[in-house]
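Worksheet: one structure, shown below.
Everything numeric in this text was worked out from a predicted model, so none of it was measured. Chain A is the first sequence line, chain B the second, and so forth, proteins listed ahead of strands; every chain is numbered from 1. In what follows, every heavy atom counts, from backbone to side chain, and hydrogens, waters and symmetry copies are set aside.
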There are 2 protein chains.
Amino acid sequence: MQKTIRIVIIEDDQILQHAYKQLIEDECGFQVVSCYSSFDAAEKKLVTDDPGIILLDIELPGTNGVQAIPLIKKLVPKAMVIMLTVYEIEEQIFAALANGASGYLTKDVSSAKIIEAIYDARAGGGPMSKKIASIVIKSFQKNTDSPLSKRETEIIKMISEGKKRNEIADELFIELETVKTHIKNIYSKLNVNSRSDALKVVKKNRLI
Amino acid sequence: MQKTIRIVIIEDDQILQHAYKQLIEDECGFQVVSCYSSFDAAEKKLVTDDPGIILLDIELPGTNGVQAIPLIKKLVPKAMVIMLTVYEIEEQIFAALANGASGYLTKDVSSAKIIEAIYDARAGGGPMSKKIASIVIKSFQKNTDSPLSKRETEIIKMISEGKKRNEIADELFIELETVKTHIKNIYSKLNVNSRSDALKVVKKNRLI
DNA sequence: TGAAAAATACCCCCGGAAGGGGGATTTCCG
DNA sequence: CGGAAATCCCCCTTCCGGGGGTATTTTTCA
């Protein structure tokens, strides 16, 4: 026999909140234990609600969804948090995932997808709507036309790891002087004259 | 009228290759223009094949799938590459995505999912199987029990950006001496005595 | 409320890392 | 063939990085 999945909804739009509740409760094995209009309202009751899944809106009055995630995780560590939002803002997506969200859905998804996402999250998956998935994948893509040579890329990567010139020389089995030359060339190609500025350019343009 | 999607399959398992070809050609609007058993075999013909989508196995004789991606992108830049593999090896996933793969499927997915993934990729989405999505999402999660305080985390993050102690002091509006103290405490908590070692620990444990 | 943790600031010392100026050679590829 | 990449060497100056202390204030939380 399967255990009932306890679900909490935190969503300030009353109409959406009811719509979610309705569609979830139509699914057998799902139980909406509580609905809240803000995290601040949910805070004290979450522990007794003991949810397995939390549907969390990002645009909330008071503590916003992204800030709420770590607080939720403290209160109910085993609950999986699925973000629900109208916006596809990169920083928000990455901040939410970094804070511990298990999934990320845009509000235009179908009812079926929401149900599926809950099952997914329970199974340890990472439910995402398509647009989110494409944004996430794009965040991994490196720039293909870098001004830096292969060796230079290798070296700036090591610099990004905080390595000193002589550490780099040792690891690459080349002379310190060669490393110095490469770094000079990197700085010249990137039009900078310090490690931090070089890393700024390199990260901004996804060169590593 | 919709344009036919030209598809190339690079897969060394003959049985799978034929299976994919079959299921794709059953879908109206899809055309498998060529099948190859290795990238090296495909290389010279890819340009005339002019594919919109490439299904690419990772375990290939000769040039492997991950290495092949950038070469493919040079030959046919607008082609979307979807990886197909039995393994879920983190490094491989991230390397493939960094190299420009548009999607990543494990071979246990259903026929319908493969068809869907092709449509997705065409639409600019990022098709992933569930396990891959969960791995990708986990890669964003930060460690929640860090020994470092908030300020220390802030500072080690700036160190990871290549910033010098006095640059950090300026940005945080605190004295250089305070930054030095924080760094000393960071090193002591992480049991290291250099920037590079600190960054190694911090990245390994996802503290930033 | 009261102790612990975090954040702030200051002193001393030393080695060598970082960045910039030159110049030079070999290797490889289109 | 010419150019880019990769390698190595010399000079120079500045000031950064790491380690040894101590101390005050603010915040946090039990």
Side-chain angles (χ1 to χ4, degrees), chain A residues 43-44 47 63 67 70-71 73-75 144-202 207-208, chain B residues 43-44 47 70-71 74-75 143-202 207-208:
Chain A
E43 194 165 16
K44 282 139 200 163
V47 176
T63 312
Q67 300 164 334
L71 307 173
K73 284 281 172 182
K74 271 221 172 118
L75 294 169
T144 49
D145 51 275
S146 167
L148 302 182
S149 75
K150 198 173 167 186
R151 198 53 143 178
E152 286 161 358
T153 304
E154 209 173 351
I155 288 175
I156 192 71
K157 189 157 170 43
M158 296 173 86
I159 286 180
S160 85
E161 288 157 0
K163 289 179 177 138
K164 300 192 227 297
R165 307 189 296 192
N166 57 28
E167 291 176 320
I168 295 173
D170 285 352
E171 279 189 48
L172 297 182
F173 303 107
I174 56 181
E175 293 302 308
L176 169 62
E177 284 300 329
T178 309
V179 174
K180 284 175 68 176
T181 304
H182 283 308
I183 293 177
K184 282 179 204 172
N185 292 336
I186 291 170
Y187 286 3
S188 143
K189 283 181 179 179
L190 300 184
N191 258 293
V192 297
N193 48 24
S194 75
R195 292 162 100 84
S196 54
D197 286 345
L199 291 180
K200 248 180 247 157
V201 174
V202 152
L207 300 183
I208 50 172
Chain B
E43 194 165 14
K44 281 138 199 162
V47 176
L71 307 172
K74 271 222 171 114
L75 295 168
N143 190 336
T144 48
D145 52 274
S146 167
L148 302 182
S149 74
K150 198 173 169 187
R151 198 52 144 181
E152 286 161 358
T153 304
E154 207 173 353
I155 287 175
I156 192 69
K157 190 157 172 41
M158 295 173 86
I159 286 179
S160 85
E161 289 158 1
K163 290 180 177 138
K164 298 191 227 299
R165 306 188 295 191
N166 57 30
E167 291 175 320
I168 295 173
D170 285 352
E171 279 188 48
L172 297 183
F173 304 106
I174 55 180
E175 292 303 306
L176 169 62
E177 284 300 329
T178 308
V179 174
K180 285 174 69 176
T181 303
H182 282 309
I183 293 177
K184 281 180 207 173
N185 292 336
I186 291 170
Y187 287 2
S188 143
K189 284 182 180 180
L190 300 184
N191 257 293
V192 297
N193 49 23
S194 74
R195 293 162 97 84
S196 54
D197 286 345
L199 291 180
K200 247 180 247 157
V201 175
V202 151
L207 301 182
I208 50 171

Using whole Å, what does the distance between atom P of nucleotide C/dG19 and atom CZ of A/Arg165 come to? 7 Å
Rounded distance (Å) that lies between atom P of D/dT14 and atom CZ of A/Arg195: 21 Å
Partner set under side chain to side chain donor-acceptor pair (under 3.5 Å) for B/Lys200, not counting sequence neighbours: B/Asp197
What pairs with A/Gln67 under side chain to side chain donor-acceptor pair (under 3.5 Å), at least two apart in sequence or on another chain? none
What distance do B/Ile183 atom CD1 and B/Asn193 atom CG have between them, rounded to the nearest 0.5 Å? 13.0 Å
Check the phosphate of D/dG19 against B/Tyr187, side-chain N and O only, distance under 4.0 Å to OP1 or OP2. Yes or no? no
Separation of atom NZ in A/Lys163 from atom C1' in D/dG17, rounded to whole Å: 18 Å
Working to the nearest 0.5 angstrom, can you tell me the gap between A/Ile159 CD1 and A/Glu161 CD? 10.5 Å
Any sub-3.5 Å donor-acceptor pair from B/Tyr187's side-chain atoms to B/Arg195's backbone N or O? yes
Does a side-chain N or O from A/Asn166 land closer than 4.0 Å to OP1 or OP2 of C/dA17, or not? yes
Side-chain N or O of B/Asn193 less than 4.0 angstrom from OP1 or OP2 on D/dG19? yes
Carboxylate-amine/guanidinium proximity below 4.0 Å for A/Arg151 and A/Glu154: yes
Estimated bend of the helix from C/dT1-D/dA30 to C/dG30-D/dC1 (axis per five terminal pairs, rounded to 10 degrees): 80°
Residue pairs involving residues 175-194 of chain B (criterion salt bridge (charged side-chain N to carboxylate O under 4.0 Å, His left out); sequence neighbours excluded): B/Glu152-B/Lys189, B/Glu177-B/Lys180
Between protein and nucleotides 2-10 of chain C, map the contacts as a letter string: B base, S sugar-phosphate only, - none, heavy atoms under 4.0 Å, written 5' to 3'. ----SSBBB
Who passes side-chain contact (heavy atoms from CB on, under 4.5 Å) against B/Lys164, sequence neighbours left out? A/Ser194, B/Asn166, B/Glu167
